[in-house]
Amino acid sequence: MWKAALLTLGLLAVLVDRVRTNDGHPSFYGVKLCGREFIRAVIFTCGGSRWRRGIEDSALIGEEAYDPWNTNAIPQLNGEQDPAESQQAWRDQTLKAASVSVGFSRSSRSPISEEVLEALRSADRKGRDVVVGLMEWQPDEQGLQQVLQLLKDSQSPDTATQRAVQEKLEQLNQFPDFNNYLIFVLTSLKSEDEPTRSLSGLILKNNVKAHYQNFPPNVAEFIKRECLNNIGDPSPLIRATIGILITTIASKGELQTWPELLPQLCNLLNSDDYNTCEGSFGALQKICEDSSELLDSDALNRPLNIMIPKFLQFFKHCSPKIRSHAIACVNQFIIGRAEALMDNIDTFIESLFALAGDEDSEVRKNVIIQYMLQRTQDPDENVALEACEFWLTLAEQPICKEALAGHLVQLTPILVNGMKYSEIDIILLKGDVEEDEAVPDSEQDIKPRFHKSRKCSAAALDVLANVFREELLPHLLPLLKGLLFHPDWVIKESGILVLGAIAEGCMQGMVPYLPELIPHLIQCLCDKKALVRSIACWTLSRYAHWVVSQPPDSHLKPLMTELLKRILDGNKRVQEAACSAFATLEEEACTELVPYLSFILDTLVFAFGKYQHKNLLILYDAIGTLADSVGHHLNQDEYIQKLMPPLIAKWNELKDEDKDLFPLLECLSSVATALQSGFLPYCEPVYQRCVTLVQKTLAQAMMYSQQPDQYEAPDKDFMIVALDLLSGLAEGLGGHVDTLVSRSNIMTLLFQCMQDTMPEVRQSSFALLGDLTKACFPHVKPCIAEFMPILGTNLNPEFISVCNNATWAIGEICMQMGVEMQPYIAMVLSQLVEIINRPNTPKTLLENTAITIGRLGYVCPQEVAPVLPQFIRPWCTSLRNIRDNEEKDSAFRGICMMIGVNPGGVVQDFIFFCDAVASWVNPKDDLRDMFYKILHGFKEQVGEENWQQFSEQFPPLLKERLAACYGV
């Protein structure tokens with residue numbers, strides 16, 4: 001129990017989403033089980049968590065549930081056993097069984113007769129003809145006996161019997177009254193054996209999942225009442241089954257329409273009967289796992305405000321099982337930082353530390369940290385991994401620095417030691433295979449690779465470096481020196497990983513050592529071991545920003561030269577790492593790479609003929625990033641002739657249904673934007689194919705929506721990447737795209753895409769709309785009346801990227817429409833003002849919103865100026881930090897025109913306007929004159945004395961800049 005409490009502490013941080021591997025699952029997961037053993041396995045091993053309960057319980061009663069190689073039985077549970085103890089016994093047994101499961105021998109017989117079907121038919125008719133009180137429902141005795149026989153037969157290992165059972169179940173599911181029999185067997189038929197009762201509940205659970213919306217109200221109410229009345233069944237197996245059934249009903253939208261559920265379960269926690277308390281807590285735990293976001297929403301009037309304090313009271317319960325339930329319930333709300341938990345966070349932490357067993361808070365912290373230090377070195381890899389994740393999580397907490405400062409001397413070497421490849425890692429990675437470039441990729445090569453403890457140790461060191469910065473280095477540098485120059489390649493490789501892991505957090509402290517370390521890392525790119533070469537690529541990419549900041553000949557040229565050689569390495573892993581590292585270098589170096597473009601392109605094009613499938617996808621990214629980084633410098637005949645033939649050859653090779661089109665389309669989008677008119681010879685077939693991909697996807701989506709049983713849902717990623725490439729073409733070709741647009745139905749398709757249910761499709765649609773508006777507005781203008789209401793409804797910051805692109809597109813349309821924009825101002829202005837005043841809005845969205853508001857004011861100042869006081873302050877703060885450009889220019893012209901119409905609207909926040917004006921480095925002369933007139937007009941209006949008092953508030957730099965540039 002106390003270990004569970006300690007591990008729980010590791011959940012206190014709010015982490016970025018991260019995928020966790022499933023190595024800790026009981027070994028039954030890959031094994032076919034049947035009969036009662038399968039029931040127990042599902043309930044006790046799968047019942048406790050959301051993903052585990054996602055297993056299709058239909059396997060209990062479906063085909064192929066029998067494993068003929070079974071020889072080991074799983075121990076029987078009796079009603080007195082604690083489920084946790086039974087679960088451990090079950091796990092131990094299955095581990096010994098090592099992938100064998102259990103079979104039963106039973107005679108095969110006809111599962112159910114026509115009499116019971118008729119009984120159900122008549123009961124169903126009766127239910128329709130007459131309103132029968134729920135309390136009065138009783139099963140037909142003959143029907144009940146045959147349903148019981150069906151349940152027992154469903155546990156038979158005989159495949160033919162299983163098929164017959166499945167057919168009969170499908171027949172019975174046509175009669176809602178059948179579900180009354182199932183809940184009756186589960187909750188009321190105490191004389192039956194537990195596996196049969198539990199199986200009845202699991203079949204009912206599957207029926208709820210598939211058909212609950214078709215249950216008559218009296219059947220649904222009967223089931224819900226029976227669940228709550230029997231949640232305290234003496235059998236742990238039955239309690240757990242009822243809990244799963246309750247949460248399945250709740251997941252069908254019933255939390256809103258079953259208002260008594262949560263209050264009644266919470267009240268039952270106070271019961272003196274252990275079974276009732278434990279059963280209620282088990283159900284609540286499952287509801288918390290499956291519906292955590294809903295419980296923390298206004299839709300249910302935030303029941304967590306009552307539930308969290310209630311759960312915390314049970315942290316001190318005398319039963320370990322109850323304490324475990326209480327902790328598990330609260331855990332579900334840590335990642336999302338539920339308000340109710342944050343309000344009680346001190347109580348929560350105190351309760352956790354109390355579970356650690358000491359009275360003094362500092363001692364308790366130290367006890368936990370010392371325990372975790374030990375567990376991070378545990379010989380059991382799964383325990384070590386869980387403990388390592390504790391450091392990863394703790395590093396996100398404000399208390400991390402205070403809690404760990406005195407323990408870095410112990411923790412640092414433990415994490416560093418965890419970053420070495422194990423022997424099994426090296427075997428799995430084929431670490432002794434140096435050249436494998438000619439070996440075709442297997443499916444396994446394409447899947448992500450996880451070396452859990454190593455990756456987790458590296459990630460923990462990374463976040464700790466960001467917390468402690470240079471304070472970490474005294475503990476780390478002595479270790480690093482011994483690692484980086486060690487003769488054993490495994491140790492040297494781990495040292496290079498350490499150096500990469502601390503790059504972001506400890507950069508400033510590492511700068512004095514980099515002139516010596518970077519050449520050593522570049523030398524490691526030639527190491528005889530492929531794993532050393534690949535990790536050196538990654539670590540060098542982490543220091544690319546520093547490399548680019550130095551004179552090119554000192555580090556950039558040597559690094560670029562060696563990375564390009566590694567791109568053509570004979571080992572696929574090295575190729576991958578080098579290609580990714582080079583893409584990072586491209587982003588940092590940008591136009592610094594222009595003198596070397598010919599050499600770079602020769603290497604990347606040569607790789608086309610060398611790379612297997614997986615690395616080819618990474619190569620597309622490196623080429624696209626190069627195009628983004630050097631821009632129009634790529635538009636030279638020499639470069640175009642090198643680059644385009646292999647890209648077009650791959651383009652022609654791939655079919656419309658091939659998902660390898662995604663990265664290629666993204667790559668071509670960047671290339672088209674960079675090449676501008678240089679892409680003209682290739683544009684027509686590329687444009688037409690993109691339009692076809694969009695059209696095909698929309699047609700498939702239409703067919704699927706009309707006849708989902710006959711057609712598959714389309715993969716909309718094809719449409720998204722096609723829209724993005726069309727955007728790249730429009731941006732790169734500018735006016736040259738006019739002819740292509742006029743010959744196609746792209747505007748009709750765009751109208752459909754803008755209304756798609758998938759946010760990513762709308763995001764790409766609005767980007768294309770903005771680019772077409774800039775490139776060929778005459779084709780867009782006839783559609784504006786239809787497009788503008790759609791743009792207005794998508795100004796919803798819940799979907800940041802969609803909202804951002806819609807906002808940008810409105811700004812571009814506005815500049816083309818001029819005064820004709822007036823009828824559409826009311827459709828968008830209030831939403832834009834709301835967005836710019838919204839707290840925690842991302843910087844890019846704020847800037848785009850400010851520019852679009854400014855542009856609306858530029859073309860229609862009379863319509864926008866009246867609301868100037870509502871947005872002027874956030875408008876100024878949003879644009880003060882962006883560089884001088886055309887968009888900023890048009891926005892500031894708009895704000896000046898609005899001030900001319902409504903000068904009183906800026907008075908309260910005039911200092912912010914002054915600050916925004918001072919952010920300009922070199923405004924155009926007429927814009928500078930606008931600023932001058934507003935500043936001097938304000939000064940004259942208030943008088944010299946008032947102006948002096950006002951300007952005293954200015955920071956010195958602002959005061960100097962306004963005096964120098966505008967004479968005020």
Side-chain angles (χ1 to χ4, degrees), residues 811-812 814-822 825 829 832-833 836-837 846-968:
E812 294 300 334
C814 166
M815 294 305 289
Q816 298 290 338
M817 291 283 284
V819 293
E820 293 179 74
M821 193 70 184
Q822 190 269 333
I825 298 289
L829 183 58
L832 292 170
V833 171
I836 204 168
N837 283 289
L846 280 176
E847 290 170 358
N848 270 332
T849 303
I851 288 167
T852 296
I853 290 173
R855 287 178 159 191
L856 290 170
Y858 180 55
V859 298
C860 299
Q862 297 292 340
E863 284 71 25
V864 184
V867 295
L868 188 60
Q870 296 177 31
F871 65 77
I872 184 64
R873 181 183 292 196
W875 190 96
C876 292
T877 55
S878 298
L879 294 186
R880 71 178 299 279
N881 292 320
I882 69 170
R883 288 178 295 182
D884 297 2
N885 58 33
E886 289 300 319
E887 291 181 332
K888 184 175 179 180
D889 179 276
S890 59
F892 270 83
R893 288 174 189 276
I895 213 74
C896 290
M897 293 179 74
M898 285 185 274
I899 291 171
V901 172
N902 180 17
V906 76
V907 169
Q908 292 299 319
D909 297 301
F910 195 68
I911 188 171
F912 292 93
F913 175 74
C914 295
D915 181 56
V917 166
S919 73
W920 277 88
V921 177
N922 190 24
K924 292 177 182 175
D925 290 343
D926 60 335
L927 181 60
R928 187 190 297 272
D929 288 344
M930 293 171 117
F931 294 156
Y932 183 92
K933 287 174 182 173
I934 290 171
L935 291 169
H936 280 269
F938 187 88
K939 181 178 178 180
E940 289 168 13
Q941 198 69 29
V942 301
E944 184 68 35
E945 186 178 343
N946 286 329
W947 175 263
Q948 288 302 325
Q949 289 179 0
F950 172 68
S951 60
E952 286 302 316
Q953 305 171 54
F954 292 177
L957 197 60
L958 174 59
K959 203 170 183 179
E960 287 172 23
R961 191 154 181 77
L962 290 176
C965 297
Y966 301 99
V968 291

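In what follows, every heavy atom counts, from backbone to side chain, and hydrogens, waters and symmetry copies are set aside.
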task: Kindly indicate whether the side chain of Asp926, heavy atoms from C-beta on, has any atom under 4.5 Å from the side chain of Arg893.
output: yes

Interatomic spacing from SG in Cys814 to CD1 in Ile825 - rounded to 0.5 Å: 6.5 Å

query: Looking at residues at least two apart in the chain, or sitting in another chain, which of them share a salt bridge (charged side-chain N to carboxylate O under 4.0 Å, His left out) with Lys959?
result: Glu952

query: Which heavy-atom pair separates Asn922 from Asp884 by the least distance, and what is that distance?
result: N-OD2, 2.8 Å

- prompt: Do Leu832 and Phe871 touch side chain to side chain, with heavy atoms closer than 4.5 Å?
  reply: no

- request: Check whether any side-chain heavy atom of Leu962 lies under 4.5 Å from a side-chain heavy atom of Cys914, and answer yes or no.
  value: yes

task: Would you indicate whether Gln948, at its atom CD, is surrounded by more than 12 heavy atoms from other residues, nucleotides or ligands within a distance under 6.0 Å?
output: yes

- request: Over 60° means perpendicular and under 30° means parallel, so classify the ring planes of Trp920 and Phe931, tilted if in between.
  value: tilted

statement: Ile836 and Pro874 have their tightest heavy-atom pair at O-CB, 3.4 Å

message: More than 12 heavy atoms of other residues, nucleotides or ligands under 6.0 Å from CD of Gln949: yes or no?
response: yes

task: Please state whether the rings of Trp947 and Phe950 are parallel, tilted or perpendicular, taking 30° and 60° as the class boundaries.
output: tilted

message: Using the rule given for salt bridge (Lys or Arg N to Asp or Glu O under 4.0 Å), can you reason through Lys933 versus Glu940, listing the C-alpha separation, both sets of side-chain angles and the distance that settles it, and then say yes or no?
response: CA-CA 10 Å; Lys933 287 174 182 173; Glu940 289 168 13; over 6 Å; no

- prompt: Is the side chain of Asn837 donor-acceptor paired with the backbone N or O of Gln870 at a distance under 3.5 Å, no angle test?
  reply: yes

- request: Could you note down all residue pairs passing side-chain hydrogen bond (donor to acceptor under 3.5 Å, both in side chains) where residues 852-863 supplies at least one of them, sequence neighbours left out?
  value: Glu812-Arg855, Arg855-Ser890

- prompt: Under the side chain to side chain contact (heavy atoms under 4.5 Å, CB included) criterion, do Glu887 and Met815 qualify, and how do the steps go?
  reply: CA-CA 10 Å; Glu887 291 181 332; Met815 294 305 289; over 6 Å; no

- request: Output yes when a side-chain donor or acceptor of Lys888 lies under 3.5 Å from a complementary backbone atom of Ile882, and no otherwise.
  value: yes

field: Asn885 atom CG, neighbour heavy-atom count above 12 within 6.0 Å
entry: yes

field: Side-chain touch Tyr966/Arg961, heavy atoms, less than 4.5 angstrom
entry: no

message: Testing the basics here: between Ala916 and Ser919, what is the closest heavy-atom pair and its distance to 0.1 Å?
response: O-OG, 2.5 Å

- prompt: If you measure from CG on Asn881 to CG on Leu846, what distance do you get to the nearest 0.5 Å?
  reply: 11.5 Å

statement: Rounded to the nearest 0.5 angstrom, the CG-CG distance for Asp889 and Leu927 is 5.5 Å

Non-hydrogen side-chain atoms of Ile895 and Ile872 separated by less than 4.5 Å: yes

- prompt: Can you tell me how far CD1 of Ile911 sits from CZ of Arg873, rounded to the nearest 0.5 angstrom?
  reply: 9.5 Å

- prompt: Which pair of heavy atoms, one from Ala850 and one from Leu879, lies closest together, and at what distance?
  reply: CB-CG, 3.7 Å

message: Could you report the tightest heavy-atom contact between Ala865 and Met898, atom names first, then the distance?
response: CB-O, 3.7 Å

task: Please confirm whether Phe938 and Phe913 have ring centers closer than 6.0 angstrom.
output: no

- request: Identify the two heavy atoms, one from Leu935 and one from Val917, that lie closest to each other, and give their separation to 0.1 Å.
  value: CD1-CG1, 4.4 Å

Contact check, side chains of Gln822 and Val859, non-hydrogen atoms, under 4.5 Å: no

statement: SG of Cys965 to CD of Glu960, rounded to nearest 0.5 Å, is 11.0 Å

Pairwise side-chain contact, Phe910 with Ile934, heavy-atom cut-off 4.5 Å (strictly under): yes

